[in-house]
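The structure under discussion appears below in the form of structure tokens.
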Amino acid sequence: MLTGDIPPNQTIYIKNLNEKIKKEELKRSLYALFSQYGRILDVVALKTPKLRGQAWVAFSEVTAASNAVRQMQNFPFYDKPMRIQYAKTKSDCVAKAEGSYVPREKKKKQEEKAERKRRTEETQQSTVPNGTSAQNGATAASFRHGNSSSQEASAPNNILFIENLPLETNSMMLELLFRQYPGFKEVRIIEAKPGIAFVEFEDDVQSSMAMQALQGFKITPQNPMAITFAKK
DNA sequence: AGCACA
């Protein structure tokens, strides 16, 4: 029983998170860590007694969630292995995107079931609101998904692999960019292979943050950086 | 262990 019998869901449920991490930092780190698998619609984390140590990450695609469940299973995140499953229910942000969102009023779990049934029986006269959201710019996902020769995303690594750099890029330029992120250690360029570089951080979480922040960064208009984790 | 969105 690895993930239990929970059917695939575009939202993942994460538990065994380090409860000492502040909510905002936790959400940002989760966003950075998981955005390599696809577009993230929302990250939810609460610190209430019942819900601390857990979080939900909603993706725009189920396949992104599936990859995340597999690849990040037991990933040591703030010194604790993440336990990841599919969420049991649909996220509000997803329902909103489909136009099927109904704000919850005070209700108990039993009434929720009844309401869910009622909702599906209703004829779908839901008017989709104005084209909402889709606010964050292009990220890692744009590159990997748009690339026909792309394979599986590499597992998280404290070393980043940078491609599509202008040929004249030197390590000083890259260091200026990457050293603004915590945990930065060093840049390595390969003289024999212009256009690529490796950037090392203290750990995977910090490298992920930098990846998220600088993904697609353009040193020249023709050269959006493509950042992935280096292969181990 | 624990499945929410206020």
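Computed from a prediction, not measured in an experiment: that's the story for all the values here. Naming: A, B, ... by sequence-line order, numbering from 1 per chain.
Taking atom CE of residue A:Met82 and atom C1' of nucleotide B:dG2, one finds them 18 Å apart after rounding to whole Å. At whole-Å resolution of the value, CZ in A:Arg83 and C1' in B:dC3 are 17 Å apart. Counting to the nearest Å, the C1' atom of B:dA1 and the CG atom of A:Leu17 are 13 Å from each other. Whole-Å rounding puts the A:Lys90 NZ to B:dC5 P distance at 17 Å. For the pair A:Lys27 NZ and B:dA4 P, the interatomic distance rounds to 16 Å; values are reported in whole Å. Rounded to an integer number of Å, the gap from CG of A:Leu51 to P of B:dA6 is 12 Å. A:Gln54 has its CD atom 14 Å from the C1' atom of B:dC5, to the nearest Å. Whole-Å rounding puts the A:Ile40 CD1 to B:dC5 C1' distance at 16 Å.
Remark on DNA chain B: of its neighbouring residues A:Asp92 and A:Pro49, the 5'-side contact belongs to A:Pro49, judged by nearest-heavy-atom nucleotide.
Ring pair A:Phe201/A:Phe184 is perpendicular by interplanar angle, where above 60° counts as perpendicular and below 30° as parallel.
Contact annotation for A:Asn16: base contact, defined as any heavy-atom pair under 4.0 Å involving a base atom. Here A:Leu46 lies in heavy-atom contact (under 4.0 Å) with a base.
Scanning atom types as modelled, no donor and acceptor separated by under 3.5 angstrom connect the side chain of A:Thr11 and the base of B:dA4.
Listed by first and then second residue, the salt bridge (Lys or Arg N to Asp or Glu O under 4.0 Å) pairs involving residues 189-201 of chain A are A:Lys185-A:Glu200, A:Arg188-A:Glu200 (not counting sequence neighbours).
Salt bridge status for A:Arg39 with A:Glu61: absent, with no side-chain N to carboxylate O gap under 4.0 Å.
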Scan the side chains in residues 166-177 of chain A for donor-acceptor partners under 3.5 Å anywhere in the protein, sequence neighbours excluded, and list what turns up.
unit_1, atom_1, unit_2, atom_2, d
A:Thr169, OG1, A:Pro166, O, 2.6
A:Asn170, OD1, A:Met172, N, 3.1
A:Asn170, OD1, A:Met173, N, 2.9

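Proximity of A:Lys96 to the phosphate of B:dC5: no side-chain N or O atom is located under 4.0 Å from OP1 or OP2.
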